[in-house]
K.L.:
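Take a look at the following structure, please.
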Amino acid sequence: MQEAHTPLSDIRARIAQAARIARRDPAGVTLVAVSKTKPASAIESLIAAGQAVFGENRVQEAQDKWPALREAHPEVLLHLVGQLQSNKAEDAVRLFDCIHSLDRPSLLTALAKAMDRTGRRVPLFVQVNIGAEEQKGGCAIADLPALLAQARTADLPVQGLMCVPPAGIEAAPFFALLGKLAADNGVSGLSMGMSDDFETAVMLGATHIRVGSALFGAR
Ligand SMILES: *Cc1c(COP(=O)(O)O)cnc(C)c1O
């Protein structure tokens, strides 16, 4: 019997194809299913289809949606992919298994404190403002070495770098730049690529891709 085509199986096949071309092991790419704005029922369907890693971009929304899902599916992992206010750091450390949006010294201090208080060590990605866009979150490229040094001093588990490239232009140069910054700074994880460009990201070394609308439909 042929397996039914679903958005999830299609995305997995496309990840595998991009990885094959780049001579990478597809197992080195974690698909984070970004479920922001989507109801628990849609998340349940994806869990039933075998998806085990999800992403949300707001602490409050995740606090509303996830406690029940977590209880029903303790094996599922939840990542925070959106900006984080320092006063929500402890909530985030309690709720999420990975945080992709560390981007400033004050948040680093708040996360370190929250990890001490909760006894949880949550892996972090440092978000880089890769296109030097004024209104965008992320640490400036020039500030990255100092932020990473501060994280090392605080013994925080930094797993890699994350970016959201500028909209409307080719993403590949920005993905390549993030890869270079990671190599230059001695971190290995690369959280990059979304619905429109995850194959490019996989070919350029992404270890985590964050895919929302291509899995769940338009928001
Ligand atoms: C919403 C979001 C995504 C997923 O975007 P899609 O284009 O729907 O795949 C990825 N990363 C971040 C930071 C997001 O906020």
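Indexing begins at 1, ligand by ligand and atom by atom, following the structure's order. Since the model is a prediction, treat every value here as computed from it, not as a measurement.
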K.L.:
Run the salt bridge (charged side-chain N to carboxylate O under 4.0 Å, His left out) test against Glu133 and tell me which residues pass, sequence neighbours left out.
P.N.:
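Glu133 satisfies salt bridge (charged side-chain N to carboxylate O under 4.0 Å, His left out) with Lys136 only.
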K.L.:
Is the shortest distance from a Lys or Arg side-chain nitrogen in Asp97 or Arg70 to a carboxylate oxygen in the other one below 4.0 Å?
P.N.:
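Salt bridge flag = yes for Arg70 with Asp97.
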K.L.:
Which other residues end up in the same hydrophobic cluster as Ile21, if Ile, Leu, Val, Met, Phe, Trp and Tyr are linked when side-chain heavy atoms come under 4.5 Å apart?
P.N.:
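Joined to Ile21, directly or through intermediates: Met203.
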K.L.:
Taking the ring of His79 and the ring of Phe125, is the distance between their centroids below 6.0 Å?
P.N.:
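They do not qualify: ring centres at least 6.0 Å apart.
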K.L.:
Would you say that more than 12 heavy atoms from the other residues, nucleotides or ligands in this model lie under 6.0 Å from the CZ of Arg12, or not?
P.N.:
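Atom CZ in Arg12 is crowded, with more than 12 foreign heavy atoms closer than 6.0 Å.
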K.L.:
Quick one: salt bridge (charged side-chain N to carboxylate O under 4.0 Å, His left out) pairs with a partner in residues 20-36, sequence neighbours left out?
P.N.:
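Found none.
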K.L.:
With hydrogens left out, which residues have an atom under 4.0 Å from ligand 1, given that only heavy atoms count?
P.N.:
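Contacting ligand 1 under 4.0 Å are Val34, Lys36, Val81, Met162, Met194, Ser195, Arg210, Val211, Gly212, Ser213, Arg219.
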